[in-house]
Structures are given as structure tokens and as C-alpha cells.
There are 2 protein chains.
Amino acid sequence: MKSKTLKDIAKALNLSVTTVSKALNDYQDISSATKQRILDYVKKVDFTPNTFATSLRKKESKIVGIIVPAMAHYFFSKLLQGIIEKAEENNYLVIVLRSNNYELEKIQIRRLLKQKVDGIFLSLADNSYDIDHLEEISKSDTVLIQFDRVSKIAQSSKVVINDREAASTAVQHLIDRGKRKIAHFRGGLMPQVAIDRFIGYRKTLEKNGIEFRPDYVHICEKGNETQGYDAAQKLLKQHPDIDGIFAHTDMTALGAIRYLKQQKISIPEKVGVVGFSNWEVSALMSPSLTTIDQPGKKMGKAIFSQFLKDLKTLKAKEKIEFKTKVIKTQLIQRQSS
Amino acid sequence: MKSKTLKDIAKALNLSVTTVSKALNDYQDISSATKQRILDYVKKVDFTPNTFATSLRKKESKIVGIIVPAMAHYFFSKLLQGIIEKAEENNYLVIVLRSNNYELEKIQIRRLLKQKVDGIFLSLADNSYDIDHLEEISKSDTVLIQFDRVSKIAQSSKVVINDREAASTAVQHLIDRGKRKIAHFRGGLMPQVAIDRFIGYRKTLEKNGIEFRPDYVHICEKGNETQGYDAAQKLLKQHPDIDGIFAHTDMTALGAIRYLKQQKISIPEKVGVVGFSNWEVSALMSPSLTTIDQPGKKMGKAIFSQFLKDLKTLKAKEKIEFKTKVIKTQLIQRQSS
DNA sequence: TTTCAACGCGAAAACGTTTTCGAATTGATT
DNA sequence: AATCAATTCGAAAACGTTTTCGCGTTGAAA
């Protein structure tokens, strides 16, 4: 079925293509009478302008792209939800791509730039030390918004949480519950979020007059359950007197809990555990998991709002002044602490 | 930064726009010499044709759209992953929209049709009794692929699992483990998948000479954890001698398990539990959950493959013969049975 | 009666491709 | 030398919009 065009409408109403187009785009130099006539007819025959032609002419696609990690993850799922909701409100569509490393990230950005999306939302991969691919975006008319794992040096607006503060809250909570020998299962050495959470952990110990011990820190790079289990095993074999664990992920926390339960080590009496993210099941586990709520949906909405702002100033040919929006996190206390 | 056009390339090489375009599109009437010259130059200046113009001219977008339920769900996350992977291989992009009811579903389909996506992948909402919105798709040049919750009457290719058989496997498994009084926590009354799973449950009982009892069936429409807990509570208060539960979702199974544990009812000795979907955490719970693995990623890939086939025949102006691909499921036995 | 501004509309160019068709060149065949 | 087919290329139309600019028509002001 061939879809109607402006030309068809114009012919049917004995008007010019220009007039019809103007009526649909709320130009002021069309009499309200003909405008109404056009609008009525357009509604009747259910016409909607061809997106390709509009995009070609206006040089904007009304599409944004987001690149998410290649694995299924509750946090990103919520984030996506927030972005899509806000996008729909503003008549934007969202293209989702996946990546977990620098090379792929680069390819995906190319893909999106080629599609001439109006905005790209990106959380950097673990091995994205280089940011040349981000500079490619700045050179185009596409707005870049970084979130979660952002680069300090790359120029763009950003939406993040205060990882350091959140980690601090988590550790302080354990201390307040009487824990003194608190271990930390951290992420890799590179991503800024892992560094920040680690710093938050360390500073909070020191602020409370507790000595920081490097051998209490284990790296769980993948942040999955198995690594949490393994780390807990190693840790407790070496230091049976540990009384708290702050994990950088709910999953690693879950793994740690599995080991503790298996060893009949009571939670939270003997060892308190705090996770990070407030993943869906953390409330359903037994014991349920104390964790830091990372409000994905809210972040998603913030990302899109910031995008709209930046796009507007870009269109106005003005210089964008990049903003960094910090989303508040919250400690959710449950049975594990 | 203005991006290059065919015209720019042509001028730089002293050729016509036509020739350049043809070289890039592998036409046969270009000498290999000039073709190479063009390809080299194009690579050097990193030119890529404007998507809007191409789409406008060719009437195809190289984009597909998928509509997923409005909530975060592990299965759909995996499914999406499969679709996106396969899409990327074939240079397609994927637009993701959300819906959980008929009205919204209709709007989203309109959005996608307006965007002139080449394909729409859809799992029907619970209250989509009507399928007029699907017929709108057939009238366009967009390929529809239904998956998971499909309509029997709507004409399109489909990708599904054999819900009846899978349910049968689950129930037979419980029977084989010596269970006789097996309850079923089912989905709503409408979606075909819920009906099919129920039928599988009932038939399998009867085949084994076990009387079907309506009061052993509880409806957990939302399929969440709370409903599973509540249903288990009601069920066991009324029938303390229940020895098996087949839940239509891992989440409801989890809820049931929580109640059982709380009541100190031993799993699987006293009551065996089987879920459905093989959701990420079902392996991590304690006891870990026996469940039916619903291979989301595989389904996603199958969906996209089928789309490519149907699109091809559509382009050739031939009549599409709709296919229904049934993906195999598998029982994953764990501690809960 | 002239002048002028405001109003309502349309012609035409532009966005950047793809594709049809015909023209020019070449080399081989009579 | 003439004919023909194959080869290689380009002119121009088409895809469906948006936007600039100008033109004719009003009605009011001078």
C-alpha cells in the first residue's frame, strides 16, 4: 500500500504542497480556515509525513542511540526504561546497541553517527582508556551524554552518582553496626567508579580511626556471583575474624553470602554484608541484602533531559556548557547488616 | 562539521555523482580502475552515504523495531541480546519500545510504521484481544514477526516455544520424583502461553492417572514474587498435603519457596518446586530452582533470521508463506525438586 | 486616489542519494 | 572502411519534505 504524500493532499484540496506543509508545521502565514480544512483532511485520510524526507531536509533524525554493556543487567534495564519513557514523551525513538570493549564501542559509535542520530548516550567500557572515538562525536552534530562510567577528560555533559559518597555511606553503616574489620570486594583497577568506591571505603575507615588493610581488599572484576564466592572463601581462610564485607555489586555480595551461609557463619551477627545497586532480587534473598540503591530509571530520565537541553543549544549554534548531574543514592537496610 | 557528499567525492575525482554512487553499490558498468580509485578515495576521506537520502530513495530503513513488556525482565533482556547481535551482523539497527497494554501497543506500532522500519517484532500484551493493529502492519511494507505471546489468527511468521510440551515435561518430572498432589500457579486466563502451560499441566496429570483438581490451581497473573508467596500460603492452608508446585514463572516459584522455607516445609523432600524460564538467579537461590530453560537469545536470533527471509520475499513482491518456528526448551534440574 | 502594510498563498530550490536511459568510446568483426 | 556489440560513463528524474522568497490581494491610512 503506497502511503500518501503532501502532493496527494495538495491535489485533493486544490492547494499547493507548500501550503499543506506549512499548515502541518504551524506556520503563521496560513489562514485559519484553510489550515483547518487541511488538518481535517489529513486526519481523515490518516496522513503522516515521510520521516526520511523530513530528516533529510531538516538534518535531524529524532532518534537517539544508547550503548549498553553486552550482558543482561538489572540496572541498565531500568536505565533504559527511564530513557525510553522520556524519549517517547518527546517523540524520540531509541536505538539500543551493545558493547563491552573499546573496539566494539568505536564501531557502534560509528554506526550511530552514520545513522545521524541526534544523541548518543554512553557508559564507557572497561578498557576504553582512549577517547578518540568520543571526539568524533563532538565533531559531528550529535550530542554526547556520558553516564555511569564517564571519562574525566572527555568533554560532554554527564549523569552520574557520587560513588565515593555512596561507598562511604555503606561502610559507615557497617561501622555504625559495630563492625571494625571490614573487607571490600572491589571492581577492576581502571574504571573510575571502582576507584571512587574504593576511595570512599578507605577514607571512611580512616575517618573512623580504623586502619586500612590492603589484604582486606579483593578484586572481583566481573562483578558476578562466582567471584564474590571465591573472594569470600579466600578472605575468610586468611582472616577468619572479618566482620563486614562491602561488595561493589549485589551479585558479588550474593556470592559472598552463599559462602558465609555454607560455612554457617551467621549474617549479620558475625559478618555484615552490604552490596551495591539494589538489584531486583536483593530484596528477595534470604537474608535479604542491604545495599545502595542506584536509581536507574531516574538516571535515564536525567540523561534524556540533559540531552534535550544540549541539543537545543547546539541547534542554536551556541557553545554548550557541559553539566554534570549527580543523582542521589540511598542506603537500603535489610537483613544482611 | 559538514559531512561529505557524493557530489564532493565526484568533484574531487573529476567524475559524475552517478559513477561514484555506482562504484559504491557494486554496479557492473564501472571499470575496475575507476572503481578502485573511488574506493580508495572514499576510504581516505572516510565518506559514508547519507542514510536519510538512501532510505528516501530506496524506501527501506535498515532499522527494525521491537516492542517489549514495560518491566525489566531477564528473558526479554536475553531475547533482545539475540536480536541485536543478529541485527548488527546484518547491518540493521534495533529500536526498542515498551508496552504492556493494547492501547499503548497500538501507538507504538504506529510510531514504528511512521518511522518506516523494515520489521516489527512483537509479543502481544495481555489485553490485546483485538488484532486490528497487526493488520495495519500487513498493509504496509513492514514485516511482522510475532514471538512468545502470539495470536493464533493474526497472519505472520512466529517464533515460539512449545509451552504445552514444556509444562508437560515439568509436571512429569515432579511425578517421576514421586509427587502426586501437584499444584499449578498459572498466569492469567487470556494469554495463550498461560493456557497452554495449564493444558500441559492438566493433560500430564491425567496421563499419569492423577485426578485433576481445580482447587490446586491458583492464578498469579503478574507472575511476580509476592503473588507466588500469597498463592503458596493460601494453597497450603487449604491443602497441607500438597507435595509439588509447578509455577508459570521463576519469580512466582521463588515466592512459593520463600513461604515454604518460612513454614519450615522441606524442599524438595516434602514439596518439590519447578519454575519456568531459567531466570538468572534461579541457579543462585538456595535451594536452587529446578526450571524450564527458555532460550531467549536463541529465540532472538531466530526472530531476526525469519525476518530476513520474509523481508526478502516481500521485496520480491511474492506472497510470504508464514512459518512458525518452535524453539526447544529444556528442563534444568536443581535442588528444588 | 494613491500608498503601504499585512495577509495568504505558491514557485522553486534544496536536502543527498539511486536508477533509468542514452551517449560516447572502444575493440572486434565483416 | 563500415558495422556492431560491449564497455564505460553521465544527465536527469525521482524519492517527499521544508524553507526562502516573491507575488497578488486585501483593507486601512494618507
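Letters A, B, ... are given to chains in the order of the sequence lines, protein chains preceding strands, and every chain is numbered from 1.
Contacts with DNA chain C (heavy atom under 4.0 Å) in residues 24-40 of chain B: Asn25(B), Tyr27(B), listed by number. For the segment residues 13-21 of chain A, the set of residues with a heavy atom within less than 4.0 Å of an atom of DNA chain C comprises Leu15(A), Ser16(A), Thr18(A), Thr19(A), in numerical order.
When the P atom of dT20(D) is taken as reference, atom NZ of Lys58(A) falls 12 Å away, rounded to whole Å. Look at NZ on Lys22(B): it is 12 Å from P on dA11(D), rounded to the nearest Å. When rounded to the nearest whole Å, the span between NZ of Lys7(A) and P of dA13(D) equals 13 Å. Atom CG of Leu6(A) is separated from atom P of dC9(C) by 16 Å (rounded to the nearest Å). Distance CG (Leu56(A)) to C1' (dC15(D)): 9 Å, rounded to an integer number of Å. Computed from coordinates, the Asn50(A) CG to dA14(D) P distance equals 17 Å when rounded to whole Å. Straight-line distance from the NZ atom of Lys11(A) to the C1' atom of dG10(C): 16 Å, rounded to whole Å. A straight line from CZ of Arg57(B) to P of dT17(C) spans 13 Å, rounded to a whole angstrom.
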Using a 3.5 Å cut-off and no angle test, enumerate the donor-acceptor pairs between side-chain atoms of residues 116-129 of chain B and protein atoms at least two apart in sequence or in another chain.
from	atom 1	to	atom 2	distance (Å)
Asp118(B)	OD1	Ser61(B)	N	3.1
Asp118(B)	OD1	Ser61(B)	OG	3.4
Asp118(B)	OD2	Ser61(B)	N	3.4
Asp118(B)	OD2	Lys62(B)	N	2.8
Ser123(B)	OG	Arg149(B)	N	3.4
Asp126(B)	OD1	Arg149(B)	NH1	2.2
Asn127(B)	OD1	Tyr102(B)	N	2.7
Ser128(B)	OG	Glu105(B)	OE1	3.4
Ser128(B)	OG	Glu105(B)	OE2	2.9

All N/O donor-acceptor pairs, side-chain side in residues 86-93 of chain B, below 3.5 Å, sequence neighbours left out:
from	atom 1	to	atom 2	distance (Å)
Glu88(B)	OE1	Gln108(A)	NE2	3.4
Glu88(B)	OE2	Gln108(A)	NE2	2.6
Asn90(B)	ND2	Lys86(B)	O	2.9

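Put simply, the side chain of Ser21(B) never gets that close to the backbone of Val17(B): no donor and acceptor are under 3.5 Å apart.
Sorted by first and then second residue, the salt bridge (charged side-chain N to carboxylate O under 4.0 Å, His left out) pairs involving residues 16-27 of chain A (not counting sequence neighbours) are Lys22(A)-Asp29(A), Asp26(A)-Lys35(A). Here side-chain hydrogen bond (donor to acceptor under 3.5 Å, both in side chains) pairs that include residues 65-79 of chain B, with residues two or more places apart or in two chains, number zero. Residue pairs satisfying the side-chain hydrogen bond (donor to acceptor under 3.5 Å, both in side chains) criterion with at least one member in residues 36-48 of chain A, sequence neighbours excluded, are absent.
For the helix from dT1(C)-dA30(D) to dT30(C)-dA1(D), the terminal axes (five pairs an end, C1' atoms, rotation from four pairs onto the next four) enclose an angle of 70°, given to 10 degrees.
Under the ring-ring contact (aromatic ring centres under 6.0 Å, His included) criterion, Phe75(B) pairs with no residue, sequence neighbours left out. Lys309(A) is linked by a side chain to side chain contact (heavy atoms under 4.5 Å, CB included) to Gln306(A), counting only residues two or more places apart in sequence or in another chain. Judged as a ring-ring contact (aromatic ring centres under 6.0 Å, His included), and not counting sequence neighbours, Phe147(B) has no contacts. Taking the side chain to side chain contact (heavy atoms under 4.5 Å, CB included) definition, one finds that Lys298(B) meets it with Pro295(B), Ile327(B), sequence neighbours left out.
Note on Lys106(A) versus Glu136(A): no salt bridge recorded, every NZ/NE/NH1/NH2 to OD/OE distance being 4.0 Å or above.
Side-chain nitrogen and oxygen atoms of Lys59(B) include at least one within less than 4.0 Å of the OP1 or OP2 phosphate oxygen of dG16(D).
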